Amino acid sequence: MPGTVLLLAASPTGKSCLVDAASVLPILAAVAPDVLSGTDTANVVELADPLEPQAVLTRLRAAATAPGPLTVFLTGQLQLDRRQRLPHLALARTTPATVRYTGFPWHWIREELRLRTPGSTTVLVDLHTDAETWQHLATQPLTVGPGALLYGRVAPPPPRRAVASPTYMKSVATILRSGHRPPIAYLHQQALTRSSGEDPEAARRDIVLAIDPTQPTRSAQPTHPAQPPMHPVPGFQPAPPPVPVPVPVSLPAPVPGPASPMTPPPPSPPSDPHAEITAAVESGRHAEAAELAGRQEQEALRAHGPGADEVVHWMEVRADLAMFAGDAELSCRIWLAVADVRLAAGQEPGAPGVEAAVDRAHHQWGRIDDSARARELGPALADLRLRVPGRRQGALDDVQRNLSRLQAQV
């Protein structure tokens, strides 16, 4: 199955720029697509210094919904918005005062990747921050979704009036240009070692990210890059250096004896509903995927009650599944319900989950082909837009204008 690769480099223009993010793209673009992806073939999408958050979201969403492995190479800088204190990827027009409207919210990455099969997504990052964001990340580490691998580094601000170089990502690209893609954990260690040669302070200063949900342990703290062997044996790929974690004591396994008719068989491992749903969607079995998600929502409702986070999660899954199936009306209805549930639970109109629900309801409403159904849902969306205006200027005006046009058709 072909893979998908997203190359994203973003940083502001002018004096707000902390890192020359786009300088890494020519090196990455010189790497063969199959090496970037680790698959036989791959589709590569490149975004250099994008201007609009929605443009980034569109490309990320398309990559996230593509079948097969996904690898994201992300270089840029993070800034906090002044209202909600949430990290954003700064884009070309971003300034400290306009982050909320011109930056790309980091939690959108988690939102878009959350339905992917665990272990099928790898995100490699080389990020720089301003002083405020650096302090924030000390207590609120970055994540990219429950099933995605995250490797890379986050660096503090460079010296005043200096623009940093993305040495980690350039090291990744240089290693891959050899035509061989080592295991991601080992590639990460090689890149750290190589980049520390250009910036010796990086090993002591940077936050090193090494998060693999498919492994029993995770790490996301400053670590010293391990040295790879100086003379590797041809044809031999060394295992990635271990992360220092407490090692549990393993007891010897009992010697198997004759099976007893009274001994029940060992229970089968629990299935992952997310993986089953993703497999159904990838094979076009949308009704089956929706049924699986509906059952999970009902189980969560019985176990936790209305409005619980677990229930809302499965509502959001069903909304996305309706979108994948091309049912914009149903997707819009569910997203409207998600927004109502979140607001009823006491979440603020500016909370990320509330804004995301209303934005997605708005987007799906615009895709409804049946004018009568669109007219039916329009007033509910307009009412929500009064309470949740969102980040895009003119969103309420857009709903009201299109609703007036639909009503004039009657």
Side-chain angles (χ1 to χ4, degrees), residues 4-29 31 36 44-64 70-82 86-113 121-134 136-137 142-145 148 150-158 162-173 191 195 206-207 209 352 391-392:
T4 301
V5 176
L6 176 60
L7 309 179
L8 172 56
S11 58
T13 57
K15 62 182 182 180
S16 297
C17 182
L18 300 177
V19 58
D20 184 11
S23 64
V24 76
L25 287 179
I27 311 174
L28 283 170
V31 180
L36 287 172
V44 180
V45 178
E46 180 178 316
L47 274 176
D49 288 328
L51 300 177
E52 299 292 340
Q54 289 299 321
V56 179
L57 180 61
T58 298
R59 297 296 180 87
L60 176 62
R61 182 169 293 168
L70 168 63
T71 307
V72 179
F73 297 84
L74 196 164
T75 308
Q77 71 185 59
L78 293 178
Q79 293 178 221
L80 295 180
D81 76 277
R82 293 179 174 176
L86 295 174
H88 289 59
L89 181 67
L91 303 184
R93 295 174 179 170
T94 300
T95 66
T98 65
V99 174
R100 177 174 167 81
Y101 303 101
T102 61
F104 186 79
W106 187 264
H107 63 266
W108 285 9
I109 298 177
R110 294 195 301 270
E111 285 288 319
E112 296 304 320
L113 300 182
T121 307
T122 302
V123 182
L124 291 162
V125 302
D126 190 340
L127 299 167
H128 285 69
T129 68
D130 56 19
E132 186 179 29
T133 309
W134 178 253
H136 173 83
L137 293 179
L142 293 177
T143 61
V144 289
L150 173 62
Y151 287 95
R153 64 95 176 246
V154 183
V163 176
S165 174
T167 55
Y168 170 83
M169 194 64 75
K170 286 184 176 180
S171 297
V172 168
S195 60
D206 295 350
I207 297 174
L209 301 169
R391 297 165 182 261
R392 299 187 66 185

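Only a predicted model underlies this, so the values are computations on that prediction, with no experimental measurement involved. Positions are given from 1, in the same order as the sequence printed here.
- The salt bridge (Lys or Arg N to Asp or Glu O under 4.0 Å) test applied to Glu52 returns Arg93, not counting sequence neighbours.
- Counting heavy atoms from C-beta outward, Phe104 and Leu60 have side chains that approach closer than 4.5 Å.
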| task | Determine, step by step, whether Arg153 and Ser195 satisfy the side-chain contact (heavy atoms from CB on, under 4.5 Å) criterion, reporting the C-alpha distance in whole Å, the side-chain angles of both residues, the deciding distance to 0.1 Å, and the verdict. | result | CA-CA 11 Å; Arg153 64 95 176 246; Ser195 60; 5.8 Å; no

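- Atoms CG and OG1, from Leu124 and Thr75 in turn, are 9.5 Å apart once rounded to the nearest 0.5 Å.
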| query | So Phe73 and Val5, side-chain contact (heavy atoms from CB on, under 4.5 Å) or not? Walk me through it. | reply | CA-CA 8 Å; Phe73 297 84; Val5 176; 3.8 Å; yes

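- Applying the side chain to side chain contact (heavy atoms under 4.5 Å, CB included) criterion to Ala22, with sequence neighbours excluded, gives Asp49.
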| Stepwise, does the side-chain contact (heavy atoms from CB on, under 4.5 Å) test hold for Leu25 with Leu7? | CA-CA 7 Å; Leu25 287 179; Leu7 309 179; 3.9 Å; yes

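- Rounded to the nearest 0.5 Å, atoms CG (Leu86) and CG (Leu78) are 12.0 Å apart.
- Asp126 places a side-chain N or O within donor-acceptor distance of the main-chain N or O of Tyr168, the cut-off being under 3.5 Å.
- Note that CG of Leu113 and CG of Leu70 are 6.5 Å apart. Values are rounded to the nearest 0.5 Å.
- If you take NE2 on His128 and CH2 on Trp134, they are separated by 9.5 Å, rounding to the nearest 0.5 Å.
- Not a single donor-acceptor pair under 3.5 Å links the side chain of Ser16 to the backbone N or O of Thr95.
- Annotation: Arg59, atom CZ; neighbour count of heavy atoms from other residues, nucleotides and ligands within 6.0 Å does not exceed 12.
- From Leu89, atom CG reaches atom CG of Leu74 across 5.5 Å, with rounding to the nearest 0.5 Å.
- Between Leu209 and the choices Val144, Val154, Leu127, Val123, the side chain to side chain contact (heavy atoms under 4.5 Å, CB included) rule is met once, by Val154.
- The closest donor-acceptor contact from the side chain of Trp106 to the backbone of Thr143 lies under 3.5 Å.
- No donor-acceptor pair closer than 3.5 Å links the side chain of Thr122 to the backbone N or O of Ala148.
- Note that the OH atom of Tyr101 and the CG atom of Leu91 stand 15.5 Å from one another [nearest 0.5 Å].
- Counting only heavy atoms from C-beta outward, the side chains of Ser165 and Asp20 never approach each other to under 4.5 Å.
- Side-chain atoms of Gln77 come within 3.5 Å of backbone N or O of Leu18 as a donor-acceptor pair.
- Looking only at side-chain heavy atoms (C-beta outward), Leu28 and Met169 come within less than 4.5 Å of each other.
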| Does the side-chain contact (heavy atoms from CB on, under 4.5 Å) test come out yes or no for Gln79 and His88, once each step is laid out? | CA-CA 5 Å; Gln79 293 178 221; His88 289 59; 5.6 Å; no

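- Here the side chain of Asp81 pairs no donor or acceptor atom with the backbone of Val99 at under 3.5 angstrom.
- For the 3.5 Å distance criterion, the side chains of Thr98 and Arg82 fail to qualify, holding no donor opposite an acceptor.
- The main-chain N or O of Ala92 is found under 3.5 Å from a side-chain atom of Thr13 such that the two form a donor-acceptor pair.
- Of the possible polar contacts, none joining the Ser11 side chain to the Cys17 backbone as a donor-acceptor pair under 3.5 Å is found.
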